[in-house]
Each structure stands twice: as structure tokens, then as C-alpha cells.
Amino acid sequence: MESASASAQALREQIAATEARLQKLKDELAQVEASDAARYLNGLSLNGGPVTPQNGSAKWPLLNEEYQRYGRQMIVPSIGIQAGQLRLKSSSVLIIGAGGLGCPAAAYIAGAGVGTIGIVDGDTVETSNLHRQILHSTSKVGMRKAESAISYLKSLNPNPTYIAHTEHISPQNAQEIVERYDLVLDCTDNPASRYLISDVCVLLSKPLVSASALRTDGQLIVLNSPPLPPGNEAGGPCYRCVFPKPPPAESVVSCGDGGILGPVVGVMGVLQAVEAIKIIVEGKLAPSPEIQEGLKATPTSMLLFSALSPQPFRSVRLRSRRPGCFACSKDSGLSLEGLQSGSLDYVLFCGLASSANVLTPEERIEAAEYAKIREREHLLLDVREKVQFDICHLDGSINIPFSAFQGGAKAENDGKVPTWLPESLPKEAPIYVVCRLGNDSQVVTRKLKESGLDSGGKRWIGDIRGGLKAWKQQVDENWPEY
Amino acid sequence: MASETIPITVEFTGGLEMLFADQRKHSLSVPAKDERGQAVTVGWLVHYLCVEVMKDPRKEMFVLDGHVRPGILVLINDADWELEGEASYALQARDNILFVSTLHGG
Ligand SMILES: [Zn+2]
């Protein structure tokens, strides 16, 4: 036995030494290749002019492996090698968000041979991401998304330089991150980051490809392209030109709340990669002098994708730069210094949904406490949308979706007994309101009490703190959480 | 003459259809003139939709402070209404008016 384990140990050491030597050789090779490519690419122009190799450079500007890897796209007439592949190789793309948009976008950007790829994401991989965030996998749950994405991309194409930014984009770090790249893809999921990213791209003159998706719909828009300085009307419009005012926070629905079909957001991410490759290959990363001089306004368009519509794709014409735009007009109120100093609060600008504590502690009950009084006469009102109620609900609960309690028309019903209230329910039997996480249930509880359903305090109305998530944690670990 | 109408198509997308009985496309016949005898405009149409078509009580998700709420694009025959005179654009027969709520998920 002892000699067997000794020889296993010897083999392990031999393998380790061989691996180290192999790695050293690979590093040496990479250095030699990089200096070859750098010598060639020095002569390369990114903004439209002809691309010519410098005298004395290597005979072939790409590695042998790269001719094979990119051959199928290089022989597409609108790509080619000079304007196409070499520009891709010498360009850098920043992908902000490694989620449902960022994952497919990054896969195609890396596959196409973009030279430097940055991924920004502060989140970690969750199981609920996997149906659409195709760079992550079951074994990567809990890992940083930026790192998980890059490990996939490296196995797809080891040639590009990958940079992981494992933090969320913020006014403080935005300049430092974005200024290292030529082009930005906004693959984030909230209005505050969309305004921030657009502002930074305007200030740093980067074209921006922005997409979003929810349920079965997607939207795609190319912004700040050409990326001319603020005040130059020939530049492409920015996010603020199209949406000068943010939507009210109550109207903003996340994928977590509204749902998302995987391939729908996938289509939008893939389209972002298409637009990015077009901008690079067409030499539009930096505007050519002719564009800068011709002060012709450049309108943009938005591509709408509705998976359920008989004509799923539709392109609509949008405006050019907005005179007086806060970000990109000559009256711009933006500056890099202002951004750094935090003078712009993007979260405040976009407003906070009022999900904080609406109710007092006396108006709420813990899930574990509620479990104990289930036998008593009461009504359990589940205010999740019907599609969620159908997935799972507690026995005996009735479903009136949150949306039915919204809106000004409610006032007309004040003082009347709602039709959904069972006639058999005694006047003083308590009503417990439950939802998924314990936010909507508070709002509904407040509305019910304001409408007089609590009979002036004789009937207790309150919500289950933390919703059905708390029910799973405190009462029933087998409860299906979706 | 007062009963003269014009046929138009109104569409909702980006989730707005949920406020309009989950119906994306509405073929409408609207009066050609408003109460004061003026040709009807897109601004008039927004009010009309709010009062006559929208059954959902969440009016503020469509119109806020008398204007189409921020975050909704209005497109007249697939062009931003800001290119067409915004609310003052006079409706023509067979116009297509599309309301798009911006999405933010990713
Ligand atoms: Zn602008």
C-alpha cells in the first residue's frame, strides 16, 4: 500500500511540473504573438481610413488559428479582413450587466474576435437566472456573474483580453471603467443605471447600444452614434433626448416581478451584438472628420420586438438630439467632475417605489404566528397576480390581484362591501393579506382599512410580514418558491 | 355632419396593452370633430382613450398630470410624435397611433 501511494505522489509531482512548464511555454508564445499583432495593428485606423500594415510587420496580421476561427465571418463581403476582422481585434467593448442581455451579447462579441472585452456586474449567479443567462450554469450558482461569464467566454475564445469589473456601475466608478473602452452595451435592468450609462457615454464620447426586455417584448436603440461632443447637433441622440423624464417608479416592472421569456431577452442581446459589430466594422467608433463637420442632425430608430405579435419586429423612427437636452446639448448640465462628486443622484432622479414599511408592526403578523391561527375563522386574501396564484397558493385563500386595487376609480367603492368578500364571513373575522414578498400586501391592507372594511377597528386587517417567502422560511420548507 | 367619423388604428405595446383589456391592436372609429368643432388631434385621442376605451382604473399609468406619462413613446405612423407636431397633430383617416411603454428589464 505504501509504495502505491508513494508512486502516486511521484506522479502527481511530475504532472504538476509538466503543467508548469506547459504554462510557461504558452505564456512565451502569447507574448511573441501579441508583439507581432501589436506591430501590425499600430498601423490600423479605427475611424474609417484605409487600413495598411506598417513596413516590416509580420507577414500575416492574424494568427493561423484566427484565420480558421474567424474565416466564416471574414468571407462575408461586408466584413472582410482589413475593415472587419482587424478592426474587431483592435477594438474594445464594455458590456454592462451579465444577465439575460449581456450573456448572449458577450458570447457573440467574444466569438467575433473583439480584442478587449469588459464585463461589469456586481451580482452573483442565482438559479432563477439560468433559463436566460446562458453564460452561467448550474455549477456556477453563487459565483460572481462577471467572473462566471468570463470563464465561459475564455473557453469559447481564449484570444481576447477579458476584464471583470465585479461591481455595479455607479457615478463614482463609471468614468474609470468606461473610458478604457471604445463602445458600450447597456445590458442593465433599471432606469437609474440607464440614465447614468447614457450620461457617461455622452461625456466620454462612446457610442452606446441599449436594449431591454420584459415578458415577451424587447426594445433596442443605438444612442450617441456618432459620438460627438455635447452641443454638436450632428451627434446621435442620447437616452435623455428620447426620455427626458424618468418613468414613475410604480410603472417600472422588473423581470423578477413581471417575468421574462428567455429567448426574448436573448434575441435582444444578440441584436446588441449585431449593432456593436456594425459600428466597429463600419468604422463608426469615432466619427470621421466629414461627419464632424457636416452639422446634419442624425435621427435614430428603435426596434420593437413583440414575440406574440403577428409581425414581431417593428422599427420606429425617433428624433435626433434634443435642443436643450440636459446631457448632450450645448446647454448640458453634465460634467465628469459633477458625476464624480455625486452631485447627480440617479436613484433619487428615478424615484423609489414606495415599498418601505407602509404598516405599523401592530398591523402585521409573522408567517409562523399566522400558521398557528389558521384553524380560526378568518379570510386569507392573496394579492399576487393570477398567474402566480395558479403556480401555488395556500389552501382556503382567495385571489384578488394587486392591480385590481390600484387606481383612482377605487374611491367610488369606498364604504361599500367589496363583491369578493364571502357573505358567510362574520363581520368581525380578521382578514390577512398575503403576497410574494410582503410589499403589495401592505399597500392593499392600507387601502382596505381606508375603505372602511375594518368596521372602525372591530375587524382586524393586516398583512403577513415577508409574504409567502417568509411562509417558506418559517413554516413550510417544501413550499415552492419561484 | 356631426356624426362624421374617421377610422384609425391604435396599438399598445411594452405592457400598456394590459391597461387596455390585454388587447394590443384596437381598430377605432373616432369623431372627426371635437366638441368645439375642431379637427381631432392626437392630444384629443389620448383623452378619448382614457375616458372611452380604458376600463382599467389605473389611469395614472397612462396619463399623468394631463400628459402621456413619462416613459411612454407616442408614434404616429411609426414616427416619434415629436417629429409630427406632438399632441397638436390632426388625425387623418387610417393613421396608426402606437403607444410604447419603455422596458427596463435585462
Ligand atoms: Zn441628449
Side-chain angles (χ1 to χ4, degrees), chain A residues 96-97 99-102 186-194 211-215 217-219 221 242-248 250-260 265 268-269 299 301-302 304 306 308-310 314-320 322 403-410 412, chain B residues 9-27 42 50-86 89 95-106:
Chain A
I96 308 181
L101 294 165
D186 183 347
C187 303
T188 62
D189 61 0
N190 66 85
S193 62
R194 292 189 183 277
S212 58
L214 185 71
R215 302 190 185 100
D217 285 350
Q219 296 167 355
I221 184 168
V242 183
F243 304 108
K245 280 193 212 162
E250 305 78 57
S251 72
V252 175
V253 184
S254 70
C255 292
D257 290 336
I260 179 70
V265 68
M268 303 318 294
S301 62
M302 181 186 261
L304 309 173
S306 296
L308 301 185
S309 169
R314 180 165 182 176
S315 179
V316 296
R317 287 181 292 129
L318 298 188
R319 51 169 315 120
S320 51
R322 177 186 295 274
S403 56
F405 292 97
Q406 297 298 99
K410 262 295 277 125
E412 294 163 20
Chain B
T9 303
V10 176
E11 291 183 80
F12 301 97
T13 185
L16 281 179
E17 66 279 6
M18 294 165 94
L19 300 177
F20 291 86
D22 270 327
Q23 194 184 328
R24 283 169 182 266
K25 194 167 182 171
H26 299 248
S27 297
V42 176
C50 220
V51 176
E52 302 290 335
V53 183
M54 185 175 178
K55 297 283 179 276
D56 197 289
R58 292 172 288 173
K59 307 285 181 193
E60 75 283 358
M61 298 295 263
F62 185 53
V63 173
L64 204 57
D65 303 328
H67 300 277
V68 175
R69 92 160 153 72
I72 296 178
L73 291 174
V74 186
L75 298 138
I76 301 171
N77 300 321
D78 285 342
D80 191 340
W81 73 340
E82 295 189 14
L83 304 171
E84 308 282 345
E86 271 183 88
Y89 171 87
D95 272 347
N96 179 295
I97 313 295
L98 171 64
F99 295 89
V100 182
S101 177
T102 51
L103 308 174
H104 300 95

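Hydrogens, waters and symmetry mates are skipped; everything else that's a heavy atom, side chains included, is used. None of the values given here were measured: they were computed from a predicted structure.
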Is any residue of residues 17-26 of chain B within less than 4.5 Å of chain A by heavy atoms, and which ones?
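Residues B:Glu17, B:Met18, B:Arg24 are the ones that qualify, each having a heavy atom under 4.5 Å from chain A.
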Is any residue of residues 99-106 of chain B within less than 4.5 Å of chain A by heavy atoms, and which ones?
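When heavy atoms of chain A are the reference, residues 99-106 of chain B contributes B:Val100, B:Ser101, B:Thr102, B:Leu103, B:His104, B:Gly105, B:Gly106 within the under-4.5 Å range.
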Between B:Glu60 and A:Glu250, does the side-chain contact (heavy atoms from CB on, under 4.5 Å) criterion hold? Intermediate values first, please.
CA-CA 10 Å; B:Glu60 75 283 358; A:Glu250 305 78 57; over 6 Å; no
Contact part of [X] toward chain B, heavy-atom cut-off under 4.5 Å: side chain, backbone, both or neither?
{"X": "A:Met268", "answer": "neither"}
{"X": "A:Arg194", "answer": "side chain"}
{"X": "A:Ser315", "answer": "backbone"}
{"X": "A:Leu318", "answer": "both"}
{"X": "A:Pro246", "answer": "backbone"}
{"X": "A:Ser251", "answer": "both"}

In Å, rounded to the nearest 0.5 Å, how long is the span from [atom1] of [X] to [atom2] of [Y]?
{"X": "A:Leu304", "Y": "B:Leu73", "atom1": "CG", "atom2": "CG", "result": "8.5 Å"}
{"X": "B:Thr13", "Y": "A:Gln219", "atom1": "OG1", "atom2": "CD", "result": "7.0 Å"}
{"X": "A:Arg317", "Y": "B:Ile76", "atom1": "CZ", "atom2": "CD1", "result": "10.5 Å"}

Ion pair check, B:Glu11 and A:Arg314, cut-off under 4.0 Å
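Yes, B:Glu11 and A:Arg314 are salt-bridged.
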May I ask you to name which of A:Gly99, A:Ser193, A:Pro248, A:Pro244 has the most heavy-atom pairs under 4.5 Å with chain B?
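Maximum pair count with chain B is reached by A:Pro248.
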Heavy atoms only, distances under 4.5 angstrom: which of A:Ser254, A:Ser306, A:Ser309 has the most pairs with chain B? Name it, please.
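Option with the top pair count is A:Ser306.
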On a heavy-atom basis, which atom in B:Gly15 and which in A:Arg215 lie closest, and how many Å separate them?
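Where B:Gly15 meets A:Arg215 most closely, the heavy atoms are CA-NH1, 4.2 Å.
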What are the two closest heavy atoms between B:Arg69 and A:Pro247, and how far apart are they?
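Between these two residues, the closest heavy atoms are NH1-CB, 4.0 Å.
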Closest-packed option against chain A by number of heavy-atom pairs under 4.5 Å, given B:Ile72, B:Leu98, B:Leu64, B:Asn77:
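Most heavy-atom pairs within the cutoff with chain A belong to B:Leu98.
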